[in-house]
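Got a structure for you, written out below as structure tokens; questions coming shortly.
Residue numbers begin at 1 in each chain, while the letters A, B, ... track the order of the sequences.
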Amino acid sequence: MTIVTRFAPSPTGYLHIGGARTALFNWLYARHTGGTFRLRIEDTDRERSTPAAIDAIIEGMGWLGLNWDGEVVHQFARAARHAEVAKQLIAQGHAYHCYASPEELEEMRSAQRAAGLPIRYDGRWRDRPVSDAKPNVPPVVRIKAPQTGETVIPDKVQGEVRFSNNVLDDFILLRSDGTPTYMLSVVVDDFDMGVTHVIRGDDHLTNAARQRQIIDAMGWPVPVYAHLPLLHGEDGQKLSKRHGALGIHEYKDLGYLPEAMRNYLLRLGWSHGDDEMISTEQAIEWFNLDNIGRSPARVDFKKLDNLNGHYMRNASDTVLAEGTLALLKSKGVAVSPDLPAKLVVAMPGLKERAKTLVELVEGAHYLVTARPLVLDDKAAKLLTPEARAILTGLVQALGATADWTASALDAATRGYAEQNALKLGAVAQPLRAALTGRSTSPGIFDVLAVLGRAESLARIADQARG
RNA sequence: GCCCCCAUCGUCUAGCGGUCUAGGACGUCGCCCUCUCACGGCGAAAACAGGGGUUCGAGUCCCCUUGGGGGCACCA
């Protein structure tokens, strides 16, 4: 049997981090098993679904590298098929028309609430003959769910979850306007698409019991379920606006790498012994449904930062330089013709000090600014009169260096410090301030080498003069 | 209110009855490396929610309590 998984978001907003993890798990499982991963847009809620949200989801999936197989299925386009199944259910006696008005149902619920009873449709139209139908009230179609016994959902994550059938009610299949509800649509689409494994958020666990009623009534095969515990915010509460970045697109803008994001999301609820750094290739090889944790996980941006730092250090200098350039341009920074090449050369020293692409841009500041440099406070404090004197001497010492390479400059600087009975730091820090305008930077000899003889000497002379 | 799920360091987790004086990672703190900041290396503090059982033996199994989360729509 070939395995078919799917990611089925409703396009009512951006692709959030929880949804991204669900998508990742589905994708990994399909890739691991050599199966198929489908994307289905659940847009049956016409009020809240927007084309912009569909674009955001697709863009997010693309950035994360989660490619799906086949065409994207738009659920609403299949409404006729869903309605057809509902009619079939009625014909088979598994569903019926209900003429109760929304107001009437709300009354019923508040009465149940007041009496401390479970809130559920009481089946008032379950066995009433069609002759009782109210003339001008368009009916909804409800499933005729079993009232006794229990429904068992075998779940790869949660185990066997049992629901007493008397807590399940006759939920709505078709609205009074004839459109299908989510509960019906998912089941029909999953069946028609041949979905074998339903991997989704925990919030659908109780829905599984309801959906099972439709599946059984139609005599369809029951998919393998895996309900993932939901993600929580850093404070343990449910994810919401105040937890900062929720949309996957925000992480792109914050300068995270998709491979780091995949690794991070993977470890949120899934484990492979003590392994932490797991490449996507390795993840595809190892991923399974058995090692999914059963408790909700909190997001931890510090860990994401650390992971991203690892991936950045291992990324190629040219790729990182391109990313930095793109960010620079998007910020409207003027890019000189020789910058791309300089960025690549400077990248080893830069990437070791950055955890995100955004930090990389910040670190590349010394390559982007033009003379005379504007120093930040800490750098300015380094340039005391003594320091300026040292810089003056340095212009001579460095200027006399035959070949402008990091190692030759290293030797020249150390020689200069020695001759003047100075610690290397006493020379290097003023030099750093003059060259970069900052108090921290990559190794100073590398900075000199990347900047080149003319530019370096000019920057040093600028600050020596004061 | 009713139903369902969950519970190991601050966080993510390993652990699938004895090998647990509970392991790894992030974060935190200290030391080393060192031209700064990082990276890297070494080390430290830090957890089985509580109470009952079962068992020769429980972090691992069962029950209760407590605490979180989810669901109970003509939303998905």
Pairing partner of rC61(B), by Watson-Crick or G-U wobble and under 3.5 Å for both distances, is rG53(B)
Indicate for each nucleotide in nucleotides 28-46 of chain B, in 5' to 3' sequence, whether protein heavy atoms under 4.0 Å reach the base (B), only the sugar-phosphate (S), or nothing (-).
-> -------BBBBSS------
Measure the distance from CD on E150(A) to P on rC3(B) and round it to the nearest whole Å.
->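 Atom-to-atom, E150(A) to rC3(B), this comes out as 14 Å.
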Would you mind classifying the nucleic acid contact of S176(A) as base, sugar-phosphate or nothing, using non-hydrogen atoms under 4.0 angstrom?
-> base
Tabulate protein N/O versus nucleotide N/O from nucleotides 19-23 of chain B, keeping only pairs under 3.5 Å, one per line.
from    : atom 1 : to      : atom 2 : distance (Å)
rG23(B) : N2     : D274(A) : OD1    : 2.7

How far does the C1' atom of rU54(B) sit from the matching atom of rC61(B), given to the nearest Å?
->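 Looking at atom C1' only, rU54(B) and rC61(B) are 8 Å apart.
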When the ring planes of H272(A) and W286(A) are compared, do they come out parallel, tilted or perpendicular, using 30° and 60° as the limits?
-> parallel
List the atom pairs, with distances to 0.1 Å, where a side-chain N or O of residues 254-262 of chain A and a protein N or O form a donor-acceptor pair under 3.5 Å, not counting sequence neighbours.
from    : atom 1 : to      : atom 2 : distance (Å)
Y256(A) : OH     : D305(A) : OD1    : 2.5
R262(A) : NE     : T280(A) : OG1    : 2.8
R262(A) : NH1    : L64(A)  : O      : 2.5
R262(A) : NH2    : T280(A) : OG1    : 3.3

Which part of the nucleic acid does A100(A) contact within heavy-atom distance under 4.0 Å: base, sugar-phosphate only, or nothing?
-> base
Here the residues of residues 48-58 of chain A within 4.0 Å heavy-atom distance, strictly under, of RNA chain B are R48(A)
In 5'-to-3' order, the base (B), backbone-only (S) or no-contact (-) status of each nucleotide in nucleotides 62-70 of chain B, using a 4.0 angstrom heavy-atom cut-off, is -------SB
Could I get the full list of ring pair (Phe, Tyr, Trp, His ring centres under 6.0 Å) partners for H365(A), not counting sequence neighbours?
-> none
Between rC5(B) and rU65(B) - P atom distance, rounded Å = 15 Å
P146(A) vs Q213(A) side-chain heavy atoms within contact, under 4.5 Å =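 A side-chain contact exists here, since the closest heavy-atom pair is under 4.5 Å.
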Nearest whole angstrom, please: distance from the C1' of rA14(B) to the CZ of R294(A).
->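 Answer to the nearest Å: 16 Å.
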Hey, could you give me each pair passing salt bridge (charged side-chain N to carboxylate O under 4.0 Å, His left out) that has a residue in residues 12-26 of chain A? Not counting sequence neighbours.
->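 Sorted result for residues 12-26 of chain A: empty, none.
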Please work out if R200(A) contacts a base, only the sugar-phosphate, or nothing of the nucleic acid, heavy-atom cut-off 4.0 Å.
->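 No contact at all - R200(A) keeps every heavy atom at 4.0 Å or more from the nucleic acid.
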Would you kindly check if the NZ (Lys) or CZ (Arg) of R438(A) is within the cone defined by 45 degrees around the ring axis of Y366(A) and under 6.0 Å from the six-membered ring centre?
->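 Judged by the rule, R438(A) and Y366(A) form no cation-pi pair.
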Base of rA76(B) paired with side chain of N207(A) (donor-acceptor, under 3.5 Å) = yes
Can you name the residues that form a ring pair (Phe, Tyr, Trp, His ring centres under 6.0 Å) with H94(A), not counting sequence neighbours?
-> none
Does rG1(B) have OP1 or OP2 sitting under 4.0 Å from an N or O in the side chain of R113(A)?
-> no
Going by the angle between their ring planes, with limits at 30° and 60°, are H227(A) and Y225(A) parallel, tilted or perpendicular?
-> parallel
Which whole number of Å gives the distance between the P atom of rA7(B) and that of rC63(B)?
-> 13 Å
Closest approach of S441(A) to V447(A) (non-hydrogen atoms, all atoms of both residues) |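 Taking every non-hydrogen atom into account, OG-CG2, 4.0 Å.
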Strictly under 3.5 Å: I want the nitrogen or oxygen pairs between protein and nucleotides 48-50 of chain B, one per line.
none

RNA chain B contacts made by residues 180-188 of chain A, counting heavy atoms under 4.0 Å |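 Heavy-atom contacts with RNA chain B come from T181(A), Y182(A), M183(A).
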Backbone N or O of N166(A) within a donor-acceptor pair of the R120(A) side chain at under 3.5 Å?
->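 Such a contact is found between R120(A) side chain and N166(A) backbone.
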NA contact type, V161(A), heavy-atom cut-off 4.0 Å: base, sugar-phosphate, or nothing?
-> sugar-phosphate
Pairs involving residues 134-186 of chain A, ordered by first then second residue, that meet ring-ring contact (aromatic ring centres under 6.0 Å, His included) (sequence neighbours left out) =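 Pairs touching residues 134-186 of chain A that pass the test: Y182(A)-H204(A).
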NA contact type, T44(A), heavy-atom cut-off 4.0 Å: base, sugar-phosphate, or nothing?
->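 Here T44(A) touches the backbone only, sparing every base.
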Which residue lies more 5' along RNA chain B, comparing A297(A) with R142(A) via nearest heavy atoms =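 The residue closer to the strand's 5' end, by nearest nucleotide, is A297(A).
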Qualifying residues under ring pair (Phe, Tyr, Trp, His ring centres under 6.0 Å), relative to W404(A), sequence neighbours excluded |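 Applying ring pair (Phe, Tyr, Trp, His ring centres under 6.0 Å) to W404(A) gives none.
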